[in-house]
Amino acid sequence: MSGIEVLRDDVSLDAPTLIEGLPGVGLVGKLATDHLAETFGMVHYANVHCDGLPPVATYEGGDRELTTPVRLYADRERDLLALRSDVPVSPAAAQEFATCLSEWYTDGEVTPVYLSGIGRERDEEETPALYGVGIGEGSERLAAVGIEAPEESGVVSGPTGALLSHAVRTGRTAVGLIVESTPQFPDPEAAARLIEEGIAPLLGVEMPVDDLRDHAEEIRRAKRRLARQMQEAEETSSQARPLGMYQ
Amino acid sequence: MSGIEVLRDDVSLDAPTLIEGLPGVGLVGKLATDHLAETFGMVHYANVHCDGLPPVATYEGGDRELTTPVRLYADRERDLLALRSDVPVSPAAAQEFATCLSEWYTDGEVTPVYLSGIGRERDEEETPALYGVGIGEGSERLAAVGIEAPEESGVVSGPTGALLSHAVRTGRTAVGLIVESTPQFPDPEAAARLIEEGIAPLLGVEMPVDDLRDHAEEIRRAKRRLARQMQEAEETSSQARPLGMYQ
Amino acid sequence: MSGIEVLRDDVSLDAPTLIEGLPGVGLVGKLATDHLAETFGMVHYANVHCDGLPPVATYEGGDRELTTPVRLYADRERDLLALRSDVPVSPAAAQEFATCLSEWYTDGEVTPVYLSGIGRERDEEETPALYGVGIGEGSERLAAVGIEAPEESGVVSGPTGALLSHAVRTGRTAVGLIVESTPQFPDPEAAARLIEEGIAPLLGVEMPVDDLRDHAEEIRRAKRRLARQMQEAEETSSQARPLGMYQ
Amino acid sequence: MSGIEVLRDDVSLDAPTLIEGLPGVGLVGKLATDHLAETFGMVHYANVHCDGLPPVATYEGGDRELTTPVRLYADRERDLLALRSDVPVSPAAAQEFATCLSEWYTDGEVTPVYLSGIGRERDEEETPALYGVGIGEGSERLAAVGIEAPEESGVVSGPTGALLSHAVRTGRTAVGLIVESTPQFPDPEAAARLIEEGIAPLLGVEMPVDDLRDHAEEIRRAKRRLARQMQEAEETSSQARPLGMYQ
Amino acid sequence: MSGIEVLRDDVSLDAPTLIEGLPGVGLVGKLATDHLAETFGMVHYANVHCDGLPPVATYEGGDRELTTPVRLYADRERDLLALRSDVPVSPAAAQEFATCLSEWYTDGEVTPVYLSGIGRERDEEETPALYGVGIGEGSERLAAVGIEAPEESGVVSGPTGALLSHAVRTGRTAVGLIVESTPQFPDPEAAARLIEEGIAPLLGVEMPVDDLRDHAEEIRRAKRRLARQMQEAEETSSQARPLGMYQ
């Protein structure tokens, strides 16, 4: 069986928004999506069996049931899907996933919001900048809630880049949120900002992010290994990069 | 000829349990399965010819007959199959094997029990913890005999991960037993524990493990080379790993 | 969707010339083409979705709309197309692109002008030499405007070599302009020369290049990273090389 | 043309035995087979064109005719075939060869005897042990002439392993002879033993091996380069290895 | 368009001989073939578009016309074809080329003469030995003009080995000339000898080689880079090697 295996037919969604949280540079997407899923108590909605994903099985503490490492979580109330992964995903696998996903729903039924960090050191008191990019009706959705266009030209690579590239190629609606994040460490502050200024306005919901800020140091320590893994895989890890005035 | 070649049509089995003992980290699965096969005097039941397995031939001391390096052994009395391998098996080959196997029996006819270590140093007097995970009716079987769910979230990789992943993908019943084992050395104590607390209850049989404990030092010495080989192939060797609270 | 996706059906062209500016040694093609596009205010005409291009998405500063990293720009007035890329392109991808492109127009409808540097150190007061090569009606076009044949035998490799090779293979009209450029640094002077003595006469237009000369040092600094990247990928980066009298 | 190209239709054979002499660890198989072919004056019977063999051409001193690097030699009188190779053969190519061969004759028409060394240092006065393994009617043929079963369990890898594996997979009759040989040097003494105690009894012929013993030092020196090549390619070179009591 | 593209239909040939001059160890084949083409004023007869050749385009000094890097030159008077390459060719590409070529003419219409060096140091006054090998009617052609068989057994590898191997496989007529050459440097003396004692007698023509001898030092210097490239690619560069009495 290849594709999206829905486990919860009882959860009905109506043109939901899909927040993508694959591990990338600074782990901003993963931190934000995991926070979202936990805060809203999202339910494990579907297993993802797309070709190219690593052949491993995962389990949650306290539960004997095995699952796929990449899964969709759902929140019926907020009409929301979250894509979570326990493992790094290669851009090639992300391309397969994009195809899987696009076979699963028709354009417009789901609005994907892809998340990426853009590496930039910042002082402690600085606020990381947030930009929105899109394709199809994505740009309009961003404009409607006042998320700014990027100041500089740039390129998004890695699995998130592959997902956005697939959207550009097929002309499907998609939104990309890009937040400045420290390149070397997990960046809970950037994830918090991503939620407050990007995801929350897009969804039209309130979402507390105090946890991310209060436990920033703890999170940073705990996630350091995964962040370094992402950092080392610069080639394949999701990130946006400025092209510069003269590239 | 690709697939499972049954050599003993005279051995009739009725919905048997299959214990998998491919070499993995700590060699716990292999030690336990080899012990099982020897203790019960299981007979060489089938040769495994699945694509992806190394093109080598094996023989047993005192016997001129050549066999495949991966074989099934059977115990008619206890309705039991054991999967034994003389060579390391790659996850890709394990995926092929899972397909071979699933073409050989229909879901429910055979209940596979896949074995994995999860690396953790322990003091001499400590008892290695054992967890059970499953898919399909696997979880129920574990609950029925009181094998606990894992405390922490985790991921099973390597050939055993590939076998479990195949089960998740196809929705077939499978059980996974995960035992704490020393990552660097063969761990007969963990294998003994795996049998006593996992395999024996699942099978509803008594199985002495004194041999494993009495000859622990000897076994460790003899198997060190294979264990190191598994250790070095961290990427592809079967093992469970905790995902951690924040991964 | 694979191929050339025209975004501006309102821009009608009549047998246009296509200037190729993929990043190569000395960045001469990219510098010249970017200068061309900016000077003439060329409009983003088409996205390029050919197989083999990196699965990334790009955006421009001040604009939320996502695009492909390789794009065509058009100038209706001068009947001109420019191929611009934000990312290095492998020769394999260039072969795919050549196929894409040749499926998009029939021979003669578009005249491609491929640009390459040929590494040679020069003193400050020296003028970099420029040569023209071609296939089909390409040679005649060069002769008509007096662009000289190369003095020495040579070979063009990298993506530009792949594009020219495709033209030779299919017998389609194509022009190649080869300019001496410093191998290690971006060479705005060579790009200026390429425009003045090659592109402008071919197009029969006037094109100021003062900007390239006035900001040479600034450009060199800004583009150094990309130039180095091209330099390191000697195998795959576009460049012409002399074969020498005895090779 | 892929397959076995018989050059000598005038040489008629009746259910011949095929001795395989591909280069492997200790070169025992090659030394024995080359000795056999020279002693019996076997004629160049067929060229082997199987896919996977290196695309090279070979010639013999004093002869202008080009041949394939892998060839079959025949002895009509003794109903014998010898497989000789001038180049190392990878296990993958050996698998192709096994398929080629099995398409060329039907089971039982040819009895292949595959040769392998098993690395073990020995004192000068020691005699290298010899074991026989088989599949199909192979074991019976060994028993009939009193060639002993191996004492310890083991695995045969490399091209010879691939050939034996193919026989196991297809259930065709095949014999394997395994002789102890020094792992690092060519071992003419082991090759002599292989002939005296293995090949000669199986064929029911007398075969002098004095040459191998008298020129042992000379042979060792001359073949050292090829032996080292085999030694370095431990992964792919034919050899048997003990699995050990506990592997 | 894949295959041989004839550019000069006006040049009619009648069962021509084809001299192959791909770059190999010592560059003997290339030096000899280039000398041949220049001495006889051979015309650019065909472009070679076979798959596997590098996707580059070449040009000659003083000429704007682009060509393929591998080309055939013809001499109508002497009924001669010369295969020349501006780039190293891999054995895999040579296999493709052999297939291309064999689809272009039927056996017997063209007699290919493949050239290879066999590395051997020699004193200044020594004359490099020359041998001929062949398949089909090749051996007879060699015998007819008195070119000797090789003294020792040997193997020809690299692109020339692939071309000869293809001839052996398909049973087509082909000739191989093997000349002793210094392995590390371009060897104009060996190329001269190859022409005088091999190519000239086979073609039944006179061919001055004074140029090669008079400018030996100059040629050596000029070609050193290409020779070293060939030397480093020992695996894939054309060369013959002795198998030795005991290999």
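Just so it is clear: chains get the letters A, B, ... in the order the sequence lines come, proteins before strands, and each one is counted from 1.
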Discussion item. Between Thr17(A) and Leu202(A), is there a side-chain heavy-atom distance shorter than 4.5 Å?
Written reply: no
Discussion item. Is any side-chain heavy atom of Tyr114(A) closer than 4.5 Å to one of Ser116(A)?
Written reply: no
Fill in: Within 6.0 angstrom of Phe185(A) CZ, more than 12 heavy atoms from elsewhere
no
Worksheet item: Going by heavy atoms in the side chains, are Phe97(A) and Leu83(A) under 4.5 Å from each other?
Response: yes
Worksheet item: With a 4.5 Å heavy-atom cut-off, do Val179(B) and Ile118(B) have their side chains touching?
Response: no
Item to complete: Return each pair, listed once, that meets salt bridge (Lys or Arg N to Asp or Glu O under 4.0 Å) where at least one residue sits in residues 96-106 of chain B; pairs must be two or more places apart or across chains.
Response: none
Worksheet item: How long is the span from the CG atom in Asn47(A) to the CZ atom in Arg169(B), to the nearest 0.5 Å?
Response: 11.0 Å
Worksheet item: So which of Val175(B), Val156(B), Leu163(B) has the biggest tally of heavy-atom pairs under 4.5 Å with chain A?
Response: Val156(B)
Worksheet item: Of all of Gly161(B), Ala162(B), Gly134(B), which one pairs up most often with chain A through heavy atoms under 4.5 Å apart?
Response: Gly134(B)
Item to complete: Examine whether an atom of Glu151(B) lies under 4.5 Å from a heavy atom of chain A, and if so say whether it belongs to the side chain, the backbone or both; otherwise answer neither.
Response: backbone
Worksheet item: Is there a donor in the side chain of Thr58(A) and an acceptor in the side chain of Arg71(A), or the other way round, less than 3.5 Å apart?
Response: yes
Practice prompt. Can you check whether anything in residues 138-147 of chain B gets within less than 4.5 Å of chain A, heavy-atom wise, and list it by number?
Written response: Ser139(B), Leu142(B), Ala143(B), Ile147(B)
Discussion item. Regarding Glu189(A) and Arg213(A), does a basic nitrogen lie under 4.0 Å from an acidic carboxylate oxygen?
Written reply: yes
Worksheet item: So, is the end of the Arg64(A) side chain (NZ or CZ) under 6.0 Å from the ring centre of Tyr59(A) and within 45° of the ring's axis?
Response: no
Discussion item. So, using side chain to side chain donor-acceptor pair (under 3.5 Å) as the criterion, who are the partners of Thr160(A) when residues are at least two apart?
Written reply: Glu20(A), Ser238(A)
Discussion item. Using a 4.5 angstrom heavy-atom cutoff, name the option from Ile178(B), Val155(B), Ile135(B) with the most pairs to chain A.
Written reply: Val155(B)
Worksheet item: Using a cut-off of under 4.5 Å for heavy-atom pairs, which of Leu53(A), Asp51(A), Thr68(A) has the most such pairs with chain B?
Response: Asp51(A)
Fill in: Arg120(B)/Asp187(B) ion pair, N-O < 4.0 Å
no
Worksheet, complete the sentence: Among residues 192-199 of chain B, those lying within the under-4.5 Å heavy-atom range of chain A are none
